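Throughout, a chain's letter reflects where its sequence line sits, starting with A, and its residues are numbered from 1. Since we're looking at a predicted model, the values are computed, not measured.
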Amino acid sequence: MSQSVEFEVSRELEAFIIQEAKLADEGQYLEWHDLWADDAVYWVPLKEDDDPAEKASHLYDNYSRLTTRVKQLNTGNRFSQVPISGMRRVISNYEFFEQADGKFRVEANFYLPEYSIQSTHNFRIWSGRYTYTLSRHEGGFKIHMKKILLVNAIEPISTLSFLI
Amino acid sequence: MALNIDYKHLIQADKVHGSLYTEDAIYEDEIEKIFYSSWVYIGHESEIKKTGDFVARDIGRSAVIMVRDKDKSVNVLVNRCAHRGNNLCNEMDGNKRNFSCLYHGWVFGLNGDLLDVPYPDGFTKDKKDHGLQKLVTDSYRGFVFACFKEPTVSFDEYLGNGKKLIDRACNLSPEGEIDLTGGWVRQKFDANWKMLPENDTDGYHVNYVHQSFVQVIPSQYNEFVGEESSNKGVIRDWGNGHTEIDFAAGYVNCLDWLGSNVEKSKSYVDKMHQAYGQEEADQRLFDGPPHSCIFPNLFLAEMNIVIFQPTGTHSCVQWSTPMFLKGVPELNFKLLRQSEGALGPAAFLLADDATIAERAQKALQAGTPWCDLSRGIDREIVRPDGVKESRMSDETSNRGFWHHYRSVMLGEV
């Protein structure tokens with residue numbers, strides 16, 4: 001069972017997520033990587049209920065692969081993000097829950113126009129639902145899971161080498 | 001339409017013209033000649049195991065359904081009601097007893113026959129003449145191909161050496177079968193579809209497009225970067241537009257292609273030994289899967305199966321799914337993660353290929369450029385069986401694709 005959290009705590013969680021989004025938008029890869037816990041799952045499934053042991057996802061990173069992803073972006077030769085896409089995502093419609101294990105679950109909608117400066121020079125629109133699992137860590141939080149369910153997840157999607 | 005396209009001029013032995021990627025008239029001509037008049041890959045029988053199981057695909061401009069019939073045969077039907085043209089089935093996959101149209105309730109069987117018309121008194125025509133359009137189909141080791149028209153080339157002749165490539169994939173399973181149940185990831189490219197088969201068997205770009213991958217990810221591909229002279233990979237034109245990069249000669253150990261070894265994958269190795277004997281099994285486990293394109297739209301992408309889907313002159317979609325091996329489900333988790341790592345929109349490899357293709361597509365629209373494909377033309381060899389081979393970095397595979405493409409577009413095959 002999960003329950004709603006105190007208003008002050010929800011403000012802290014929201015501030016953390018805003019910071020995470022800013023680091024992703026700006027390509028501050030190492031700082032973004034520092035937000036993750038060792039049991040990280042960074043996941044863009046095709047369908048909400050897919051079992052990653054049976055079905056392929058657009059993206060399913062554990063901590064090790066997420067670390068590799070950041071390293072690749074930081075080579076400066078990850079051409080699908082050279083230069084980094086123009087991004088300023090908007091996150092809204094937050095819901096905050098505290099789980100029985102003391103972790104927080106935060107769900108929110110997002111809208112992310114991506115300017116693909118390195119390829120077509122077109123805007124690409126990404127939208128969907130973020131679900132975070134977070135726990136307190138040294139006055140801040142760590143991310144255990146970030147699941148990104150795109151509204152068009154089962155459709156063909158464009159290059160997703162930026163941090164969504 | 002397309003009467004004045006001079007394919008002999010646009011496709012030469014050592015170069016192709018940029019307009020082949022950018023002209024709408026050429027795209028329309030390809031849809032008619034390649035996707036509506038020749039054999040194309042549809043799907044795999046393992047995707048539709050039970051009666052009524054179906055998957056949706058897009059071929060040319062048409063949506064089709066591949067479905068398992070009551071007699072266990074496989075039908076490929078156009079996903080469009082024979083009455084007023086509404087699409088019958090909006091799901092990507094599922095199971096149905098029959099296909100019924102939401103518009104006026106016409107019902108079609110799994111073989112496409114028209115079974116029922118509501119208020120039948122007003123419809124006096126013979127139902128037999130109003131079934132769904134059904135494609136000519138054939139299959140090899142579960143790989144289903146189809147043709148919209150009565151094909152001018154037999155299935156065996158079309159597939160040709162492609163059978164050996166499919167064999168190489170299936171032979172990695174102790175039961176001799178692959179199993180495509182991992183779901184399809186689909187990646188959109190703002191580029192012409194031909195850039196997919198070209199790039200997927202281009203052994204020359206790895207050092208450049210994928211340098212960030214090589215820098216941070218130790219993998220079997222490390223044997224195939226660096227100096228050209230030390231790269232033991234082989235590029236091959238198998239004929240009929242089927243092309244390949246063969247990595248086998250460059251592998252150092254058994255199971256390099258899986259990023260594994262005989263200790264780590266003991267249960268798999270044991271099953272292969274039991275099925276094929278030690279010597280034969282070890283050879284298969286050393287050589288690994290094919291990295292081969294079957295003209296026009298199938299890519300045997302090592303431990304993945306890939307479909308190319310043209311969606312317009314300047315856009316296409318690459319479908320990918322992990323190639324599970326029947327009898328070895330313990331590999332599935334690894335194969336899923338490897339598939340996501342290599343192919344698909346967020347992959348360490350394909351994301352960068354897409355960007356390069358999209359930049360090329362944009363650049364080719366300016367002026368009338370030629371693309372050079374001469375690399376290795378003077379050093380490739382022709383084997384006694386007609387197959388052309390050269391160094392992995394040579395453009396033998398791309399020349400093979402274009403040579404066959406030209407024959408198809410000129411109506412020679």
Side-chain angles (χ1 to χ4, degrees), chain A residues 29 41-47 49-62 64-85 114 116-124 126 148 150 152-164, chain B residues 58 91-93 180-191 208-218 304 309 311 314-322 324 329 332-333 335-341 343-362:
Chain A
Y29 302 123
V41 175
Y42 172 46
W43 186 22
V44 184
L46 294 181
K47 294 179 188 168
D49 301 325
D50 273 354
D51 177 354
E54 291 183 356
K55 295 290 177 188
S57 302
H58 291 298
L59 187 161
Y60 185 81
D61 287 1
N62 61 9
S64 161
R65 181 165 283 193
L66 186 141
T67 304
T68 303
R69 185 173 298 283
V70 163
K71 272 190 199 163
Q72 190 188 23
L73 286 162
N74 267 332
T75 61
N77 298 317
R78 172 64 156 165
F79 297 119
S80 47
Q81 279 301 295
V82 180
I84 183 173
S85 297
E114 178 214 359
S116 61
I117 188 169
Q118 67 297 112
S119 57
T120 61
H121 292 246
N122 291 333
F123 268 104
R124 292 168 174 164
W126 304 80
I148 302 104
L150 297 167
N152 58 339
I154 63 162
E155 292 294 312
I157 65 169
S158 295
T159 297
L160 179 50
S161 56
F162 60 86
L163 300 175
I164 188 160
Chain B
D58 295 289
E91 302 99 320
M92 289 302 294
D93 51 58
L180 301 190
T181 56
W184 291 92
V185 171
R186 294 186 293 165
Q187 183 181 2
K188 193 156 74 176
F189 286 59
D190 289 316
Y208 303 95
V209 176
H210 301 305
Q211 55 182 280
S212 65
F213 174 89
V214 173
Q215 278 173 278
V216 301
I217 300 171
N304 309 278
Q309 179 197 343
T311 50
H314 306 291
S315 66
C316 60
V317 172
Q318 177 156 298
W319 301 48
S320 57
T321 192
F324 294 154
N332 289 4
F333 192 87
L335 294 174
L336 281 160
R337 302 295 86 84
Q338 287 187 345
S339 187
E340 291 152 358
L343 300 165
F348 297 113
L349 290 170
L350 256 288
D352 296 320
D353 293 294
T355 295
I356 296 297
E358 287 166 353
R359 289 169 66 148
Q361 187 71 25
K362 208 168 156 65

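A:H58 NE2 to B:R186 CZ: the interatomic distance, rounded to the nearest 0.5 Å, is 8.5 Å. For the atom pair CD (A:E54) and CG (B:N332), the distance works out to 8.5 Å, reported to the nearest 0.5 Å. For the atom pair OG1 (A:T68) and CZ (B:F213), the distance works out to 10.0 Å, reported to the nearest 0.5 Å. With rounding to the nearest 0.5 Å, the separation of CG in A:N74 from OG in B:S212 is 11.0 Å.
Among A:Q81, A:R78, A:K71, the residue with the largest count of heavy-atom pairs under 4.5 Å with chain B is A:R78. Listed options A:A153, A:G76, A:S119 were ranked by heavy-atom pairs under 4.5 angstrom with chain B; first place goes to A:S119. Taking B:G183, B:G344, B:A351 one by one and counting their heavy-atom pairs under 4.5 Å with chain A, the maximum is reached by B:A351. Between chain B and the residues A:S116, A:P52, A:A53, the largest count of heavy-atom pairs under 4.5 Å involves A:P52.
For chain A, the nearby part of B:Q215 is the side chain; its heavy atoms alone come within less than 4.5 Å. B:A360 does not touch chain A: none of its heavy atoms, backbone or side chain, sits under 4.5 Å away. Heavy atoms of A:L46 lying under 4.5 Å from chain B belong exclusively to its side chain. Of the two parts of B:W319, neither the backbone nor the side chain holds a non-hydrogen atom closer than 4.5 Å to a non-hydrogen atom of chain A. Only the side chain of B:F324 comes within contact range of chain A, with at least one heavy atom under 4.5 Å from a heavy atom of that chain. Heavy atoms of A:Q118 lying under 4.5 Å from chain B belong to its backbone as well as its side chain.
A donor-acceptor contact shorter than 3.5 Å links the side chain of A:Q72 to the backbone of B:F348. Although no hydrogens or angles enter the test, the distance criterion places no donor-acceptor pair under 3.5 Å between the side chain of B:R337 and the main chain of A:R65.
Annotation for B:P322 and A:A56: closest pair CD-CB, 4.2 Å, computed over non-hydrogen atoms. Scanning both residues, B:D352 and A:S80, for their nearest heavy atoms gives OD1-OG, 2.6 Å. Here the closest non-hydrogen pair linking B:K188 and A:S158 is CE-OG, 3.6 Å. Nearest approach of B:K362 to A:T120, heavy atoms of both residues: NZ-O, 3.7 Å. Contact record, B:F333 with A:Y60: CZ-CE2, 4.5 Å, taken as the closest heavy-atom pair. Among all heavy-atom pairs drawn from B:E340 and A:K55, the shortest one is OE2-O, 4.2 Å.
Side chains of B:Q187 and A:T159 form a contact here, defined as non-hydrogen atoms less than 4.5 Å apart. Using a 4.5 Å heavy-atom threshold, the side chains of A:N122 and B:E358 count as separate.
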